[in-house]
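Labels below follow one simple rule: chain letters A, B, ... track the order of the sequence lines, proteins then strands, and each chain is numbered from 1.
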Amino acid sequence: MLSRISARAYSTAPVKLVSRDATGNLSTLSVVVNNAGSKVGKAGVPHLLSKFGFLNNEVKSALRFTREAELLGGAFSSEVTRDAIVLSAQFLKKDLPYFVESLGNAVAKPSFRPHEFTETVKPTALAESAAAHACPEFVALEALHQQSFRKGLGQPLYYSANQSVTFDDVKEFAASAFTAGNVSIVASGVNEADLAEFVAESAFAGLPAGSTSAPAVTTFTGAETRIASSGASVAAFAIPVAKADYAAYEVVAAAAGTSTLVGSAAPLSKIPGADSKLFKYQDAGLFVVSVTGADAHAVASGIKAAKQAVASLSASALSGAVKAAELSVALQDSFEFSHNIKVSADSGKNFKLGPFNYVAVGNTDVLPYADEL
Amino acid sequence: MASITSIVKASDWVLSKPVLARAITPLAKAFCAYAGYREMGLKFNDIINEENPISQKAISRLPADVSYARNFRIITAHQLGLSNQLLPANKAVKPEDDTHYLIPYLLEAEKEAFEKAELDHIQV
């Protein structure tokens, strides 16, 4: 394993705190609101709530915060993942108290004005959704998630105009999600003792107690979706993965070829536009093998070859990929989102390609059907 | 023109002084009663100047039902003006119904505009 700088966790702070110091002048601070991602609640609501992130709160207006952050040279963003809403800020080390206070106000004291919902939140959410859906790979991934999990992790990541979400839905969801048990702070490049002190003094201390739980995961296979669209074509198949099997599928990804390991001689790297990746979430994962390209005929033959390559991975290829899998895990691991995956010598031993979900996006006249793979 | 914010501030100051409030409140009530807009079916907030960006923003933020009622009153007033009539006394807006439904939205819009102007000219 690559050596990790020791991270310290505080138990006395009002919210869970994980931080580490680093050399240099830059600090990053992420407020992760667990169980507030798109897997929870009504579809579309978590995305809209994430767009409320840095709008007016009881202490400061959105405009003032934006201008002040600009003057301090900080950058901030609010995004939704399938698991959580993440508010993050990057700034110079000396501005830590300002940003801890601002992020605390953003999470603990939002003012939720109705006009912000129609004037700012909805248009930005729709623009973000439209930009994401312009990419066929994203459309394919959304369809694979929907087939594999249906509810929970299968819910659409972004809000779309055909979901009827009201302002009150968002407010109610915020009240249930923004609790002390759900919020955790991950900071790097900060002094741990200072951070704990600033957090205790900030609005984070005023978060209501309690926590929410994630919805149960049920998985499904054998579904097929075909989405006709212009532009590039994507064909992909996916297998839902239980949390205990992450290591096994990391080995499979490394043996088959994955874009995290550049320049490996694995079979998928010989197919143009092919990739395999294990998407890891808190309660379940999704192993996706995809082929992307502008030429639908090349994608059609590519996905057939990719399926063959994954189905025919030999035991020796799998055991030979253990080291590569360890490297791949280490490369994907970040301080903010760490998955404790222990790859061992016989992790990938029992892999056999079973039933999967299949999606074809783009020129569906040419792309193959699932039973033709 | 004085901003709505400064007018509200001044009237709050007047109301905070019992002597002034006792003297001026009946005057203000009489002025509104004789101004005649209630006989045209209007509330005081309907006749606040709306031809500026701040008022437009405030009006656009009104809840749908309040906005509908406002438009209905304005159409009523137009119709009365065209036909050169006044509403009968029982149809005129009652003083207790003459609420300040738009003022909070105007104050918020003005606050935003003033803050933006302040930040645009900030010296660091």
Side-chain angles (χ1 to χ4, degrees), chain A residues 25 48 51-76 89 91-95 97-99 101-102 105-106 109-126 161 163-172, chain B residues 1-9 12 43-74 97-124:
Chain A
N25 243 342
L48 290 171
K51 296 292 118 197
F52 261 111
F54 292 103
L55 294 188
N56 296 351
N57 56 50
E58 287 164 21
V59 181
K60 207 172 275 182
S61 75
L63 182 70
R64 185 170 289 275
F65 171 68
T66 310
R67 295 282 172 90
E68 284 176 355
E70 279 169 5
L71 288 174
L72 294 173
F76 56 90
F91 46 88
L92 296 174
K93 226 170 198 173
K94 61 176 192 294
D95 298 327
Y98 175 79
F99 279 95
E101 195 201 323
S102 298
N105 292 336
K109 294 179 178 170
S111 58
F112 289 128
R113 302 290 300 135
H115 64 82
E116 291 176 326
F117 185 65
T118 44
E119 287 175 16
T120 314
V121 170
K122 264 190 173 182
T124 45
L126 285 173
Q163 291 157 343
S164 64
V165 177
T166 62
F167 173 59
D168 290 325
D169 288 336
V170 179
K171 256 177 28 179
E172 277 166 33
Chain B
M1 202 196 90
S3 67
I4 301 293
T5 312
S6 61
I7 295 169
V8 170
K9 216 169 140 190
D12 282 348
K43 295 184 180 183
F44 181 76
N45 282 192
D46 296 337
I47 51 175
I48 293 175
N49 177 20
E50 64 168 78
E51 285 83 14
N52 58 64
I54 291 174
S55 298
Q56 288 300 315
K57 182 149 266 184
I59 290 164
S60 76
R61 289 173 179 178
L62 286 174
D65 54 337
V66 178
S67 178
Y68 182 91
R70 173 191 159 90
N71 290 340
F72 183 80
R73 286 192 302 273
I74 290 172
D97 291 338
D98 192 358
T99 49
H100 291 301
Y101 67 91
L102 188 60
I103 294 285
Y105 293 90
L106 280 169
L107 290 178
E108 192 176 14
E110 278 190 349
K111 196 177 153 209
E112 281 173 17
F114 294 164
E115 188 177 40
K116 183 164 190 295
E118 180 206 330
L119 288 167
D120 281 347
H121 300 104
I122 199 169
Q123 298 281 329
V124 249

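Taking B/Lys116 as the reference, B/Asp120 meet the salt bridge (Lys or Arg N to Asp or Glu O under 4.0 Å) condition, with sequence neighbours excluded.
Contacts with chain B (heavy atom to heavy atom, under 4.5 Å) involve these residues of residues 114-125 of chain A, listed by number: A/His115, A/Glu119. Proximity to chain A at a heavy-atom threshold of 4.5 Å picks out B/Lys57, B/Ser60, B/Arg61 from residues 55-70 of chain B, in numerical order. Of residues 64-73 of chain A, those residues lying under 4.5 Å from chain B by any heavy-atom pair are A/Arg64, A/Arg67, A/Leu71.
A 6.0 Å sphere centred on OH of B/Tyr101 holds more than 12 heavy atoms belonging to other residues, nucleotides or ligands. The local environment of CZ in B/Phe72 is sparse, with at most 12 non-hydrogen atoms from other residues, nucleotides or ligands closer than 6.0 Å.
With values rounded to the nearest 0.5 angstrom, B/Glu112 atom CD is found 6.5 Å from A/Asn56 atom CG.
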